[in-house]
Enquirer: 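This structure is in structure tokens; I'll ask about it shortly.
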Amino acid sequence: MSLYKLTPNGVETRLFDLRHTLESAQPLTFFSDYHERKGTLSYVADKRIIDTKFSGTADAGRFTIKGSALAAKKKDILHRFRLTDDMEDIYSRIITDQFMQDAVRNYRGMRLTINDPWETTLCYIVSQYNNVKKIRGTVLKIINRFGTEIIEGKKTARSFPTSEELADATERDFRECGAGFRAKYLKSAADFCTNNLNLYKLQNKGYAEIKESLMEIDGVGDKVADCIALLGYGKSEAFPIDVWVKRTLERVYFKGKDKKIKYLHKFAEHKWGNDMGYAQQYLFWQGRQMEKQNVRL
DNA sequence: ACCCAGGCGGGCG
DNA sequence: CGCCCGCATGGG
């Protein structure tokens with residue numbers, strides 16, 4: 001069976017769950033127009049509104065797309081939700097134990113997403129020492145203040161402001177959006193990515209080179225660079241370790257003993273190889289949801 | 001009230 | 001190098 005299928009007005013999917021994918025704290029920004037009940041999702045890509053409805057199951061579903069430029073929109077959906085990935089194949093490699101099996105059972109069809117590199121950079125600078133709800137709020141405020149309005153048919157939306165469009169944004173502006181001490185990083189990142197580092201020229205580079213370039217941005221360290229490599233460039237060999245992933249790894253595999261980030265990186269690389277990015281997403285979400293439900297691991 | 005959040009840069013030993 | 005600290009802010 002094929003991994004996906006293009007139809008005249010949409011895309012048929014296999015092993016894809018839209019809700020888990022959108023809810024699992026990935027960027028973040030097109031949450032604003034997702035209605036789980038109706039299955040509708042609209043988001044902005046390339047200054048166009050992609051207005052869709054998703055129906056069906058995680059095993060066999062379909063996106064139906066409204067409006068014009070269908071070919072480009074289908075292509076965006078395929079890329080953004082990584083529908084060309086062979087999930088059966090990936091699952092066969094990341095289900096290494098009971099915990100991972102449970103994670104995949106609970107969130108079967110959850111995909112990594114690929115987002116605009118600058119958008120991803122900004123989101124994850126905001127993410128440092130922060131929580132998901134507030135990250136989302138801050139990013140949405142930045143979009144509302146600095147994004148350009150887009151109208152397509154009856155729909156209106158705001159595009160994510162480019163680094164150039166943020167040239168006049170001040171540290172104070174970012175603070176007013178709730179960025180706190182990260183405001184100075186956002187200011188300098190917008191400047192740096194406009195004048196010194198073209199994020200879009202990194203798209204065909206390898207993981208190591210991308211990460212090294214990203215870490216030249218003030219406010220982007222090891223973890224944030226991994227997030228951008230994974231969710232902005234689709235580099236599945238990135239393995240961002242945040243507090244949730246660290247805790248979960250330590251509890252599941254090391255009896256709760258404290259381990260260094262570097263050690264955990266090597267552990268993950270050895271265990272999940274080039275699929276470690278996917279393993280990370282399932283670890284992150286399963287660990288976080290279980291802790292929220294107060295389940296002892 | 002207190003603690004924590006998809007960490008980072010800087011300073012110190 | 002590795003370790004430790006402060007950091008804005010809002011929600012539990």
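Every chain is numbered from 1 and lettered A, B, ... according to where its sequence line falls, protein lines coming before strand lines.
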Enquirer: Can you check the A:Arg136 CZ to B:dA5 P distance for me, whole Å?
Expert: 17 Å
Enquirer: What is the ring orientation for A:Phe239 with A:Trp272, classed by angle as parallel under 30°, tilted 30 to 60°, or perpendicular over 60°?
Expert: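 Aromatic pair A:Phe239/A:Trp272 classed parallel.
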Enquirer: What do the steps show when you test A:Tyr263 against A:Phe254 for ring pair (Phe, Tyr, Trp, His ring centres under 6.0 Å), and what is the final call?
Expert: CA-CA 12 Å; A:Tyr263 179 86; A:Phe254 300 101; 5.7 Å; yes
Enquirer: With rounding to the nearest 0.5 Å, note down the distance linking CD in A:Glu171 to NZ in A:Lys184.
Expert: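 Separation between the atoms: 7.0 Å.
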Enquirer: Would you say the side-chain atoms of A:Asp85 pair up with the backbone N or O of A:Met87, donor to acceptor, closer than 3.5 Å?
Expert: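 No, A:Asp85 side chain to A:Met87 backbone: no donor-acceptor pair under 3.5 Å.
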Enquirer: Starting from the 5' end of DNA chain B, give me the residue, A:Ile217 or A:Asn130, whose nearest nucleotide shows up first.
Expert: A:Asn130
Enquirer: Pick base, sugar-phosphate or nothing for A:Ser24, based on heavy-atom distances below 4.0 Å to the nucleic acid.
Expert: base
Enquirer: Using a heavy-atom distance cut-off of less than 4.0 Å, which residues of residues 258-266 of chain A contact DNA chain C?
Expert: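 Listed by number, they are A:Lys260.
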Enquirer: Assuming nearest nucleotide by heavy-atom distance, tell me which of A:Arg182 and A:Val220 is located more 5' along DNA chain B.
Expert: A:Arg182
Enquirer: Taking the inter-plane angle between the rings of A:Phe16 and A:Phe63 on a 0 to 90° scale, is it parallel (under 30°), tilted (30 to 60°) or perpendicular (over 60°)?
Expert: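 A:Phe16 and A:Phe63: tilted rings.
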Enquirer: Grab the CD-C1' distance between A:Glu291 and B:dC3 for me, whole Å please.
Expert: 13 Å
Enquirer: Could you state the atom-to-atom distance from CG of A:Asp222 to P of C:dC3 in whole Å?
Expert: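 Rounded to whole Å, this separation is 15 Å.
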Enquirer: Examine the side chains of A:Thr194 and A:Glu164 and answer whether a donor and an acceptor come within less than 3.5 Å of each other.
Expert: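 No pair is found: no donor N or O on one side chain lies under 3.5 Å from an acceptor on the other.
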Enquirer: In terms of ring plane angle, is the pair A:Tyr43 and A:Phe81 parallel, tilted or perpendicular, where the classes change at 30° and 60°?
Expert: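 Aromatic pair A:Tyr43/A:Phe81 classed perpendicular.
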Enquirer: Can you measure A:Lys134 atom NZ to B:dC4 atom C1' for me and round it to whole angstrom units?
Expert: 12 Å
Enquirer: Within this structure, what is the CZ-to-P distance between A:Phe284 and B:dG7, rounded to whole angstrom?
Expert: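 Going from CZ in A:Phe284 over to P in B:dG7 covers 9 Å.
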Enquirer: Between B:dC8 atom P and A:Phe181 atom CZ, what is the distance in whole Å?
Expert: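 After rounding, the reported distance stands at 10 Å.
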Enquirer: Going by centres under 5.5 angstrom and planes under 30 degrees, do the aromatic ring of A:Tyr129 and the base ring of C:dC7 stack?
Expert: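 Stacked: ring centres under 5.5 Å, planes under 30°.
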Enquirer: State which of C:dT9, B:dG9, B:dA5 makes the closest approach to the side chain of A:Asp218.
Expert: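 Of C:dT9, B:dG9, B:dA5, B:dG9 is nearest to the side chain of A:Asp218.
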Enquirer: Which value, in whole Å, describes the distance between the P atoms of nucleotides B:dG11 and C:dA8?
Expert: 15 Å
Enquirer: If you only use heavy atoms from C-beta on, which nucleotide in C:dG11, B:dC8, B:dA5 is closest to the side chain of A:Lys133?
Expert: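 Nucleotide nearest to A:Lys133's side chain: C:dG11.
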